[in-house]
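Note that the structure is predicted; figures quoted are calculated from it, not measured.
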Amino acid sequence: MKELNIAVVDDNLSDSEKLRFNVRRWLLENYNNDFHIKSFKNGEEILKIFEPEKFQIVFMDIIMNLINGIETAEKLREIDSKVLIVFTTTSKEFAFEAFPLHPFDYILKPYDPDRINYVLSEAVKILETPEPYVNVKVSRENHKIFLKNITAVQSNNHNVEIITKSGETLNCYMKFKEISEALLSEPRFLEANRGLIINMDHVMSLSPDKKAFIMKDGREYIIQVRHRKDVIENFTQYQISRIRSSKHEF
């Protein structure tokens, strides 16, 4: 990654300046490439100029006048699904309201410089790590599919169907066991039912009766009855792991 662009969105000038100061200090000491930090007074300001890949990291205050941070983040996600959103908030209870948006992390106010440093270091690691992919055979040709673009994989007789983020269903001539071994080594994938693997990053919610996963594309996948409790527990733990780390907890 040659250049890192960071946005700080906060209607509290003092908080914004403190965060920007600490972010800049860490980058000057630890980041070897060019970087730019731009501040925005509210959600409306960043939405006016936001476009795909314009920023890699956005620090977003949750409680703001006019349009709040959660509403702003929803609109940013529609434009750029890859941007890392770090919510800033005065209470951890507010943070959990943003849970469905799959934020990268949270930082509580008043700011702890060590916490900011940790979040930045983890974000940079993610941004500099190549996205993993899987090789599959479609129509006798090899295709490379990035894992982030796979929403679900299911067995269909002797074939494997891969459902992608774009809505495509790819029929692959391979054994389900082959692809399941590759995917289940990644924390984001979960075996929800026999012959069915879902990407938890693409789950919108559980169904009201907790018998199925509702995906962001509107599809629903039934959770196996026998191990439903374990499947839901694994899903819950994965979601929690996205907003916690073993070293830093709210």
When the aromatic ring centroids of F104 and F87 are compared, is their separation below 6.0 Å?
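Distance test on ring centres: not under 6.0 Å, no.
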
Say whether Y238 and D201, considering side chains only, have a donor N or O and an acceptor N or O under 3.5 Å apart.
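Result is yes, a qualifying pair exists.
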
Is a side-chain donor or acceptor of [X] paired with a backbone partner of [Y] at a separation under 3.5 angstrom?
{"X": "S155", "Y": "G195", "answer": "no"}
{"X": "H143", "Y": "C172", "answer": "no"}
{"X": "N193", "Y": "L196", "answer": "no"}
{"X": "R20", "Y": "I37", "answer": "yes"}
{"X": "E131", "Y": "K148", "answer": "yes"}
{"X": "S81", "Y": "R77", "answer": "no"}
{"X": "N159", "Y": "Y173", "answer": "no"}

If you draw a 6.0 Å radius around NZ in K165, do more than 12 non-hydrogen atoms from other residues or ligands fall strictly inside?
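Enclosed.
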
Surrounding NZ of K109 (heavy atoms of other residues, nucleotides or ligands, distance under 6.0 Å), is the total greater than 12?
yes

Taking the side chain as every heavy atom from C-beta outward, state whether [X] and [Y] have any atom pair closer than 4.5 Å.
{"X": "I223", "Y": "I232", "value": "yes"}
{"X": "F176", "Y": "V153", "value": "yes"}
{"X": "L147", "Y": "R188", "value": "yes"}

Charged N to carboxylate O under 4.0 angstrom, D105 versus R115?
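R115 and D105: salt-bridged.
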
Taking W26 as the starting point, is it possible to reach Y111 by hopping between hydrophobic residues whose side chains are less than 4.5 Å apart?
yes

Check the orientation of F55 and F50. Use parallel for under 30°, tilted for 30 to 60°, and perpendicular for over 60°.
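Parallel, since the angle between the ring planes stays under 30°.
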
ring-ring contact (aromatic ring centres under 6.0 Å, His included) partner of F235, the single match among Y221, F213, F189:
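Single pass found, and it is F213.
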
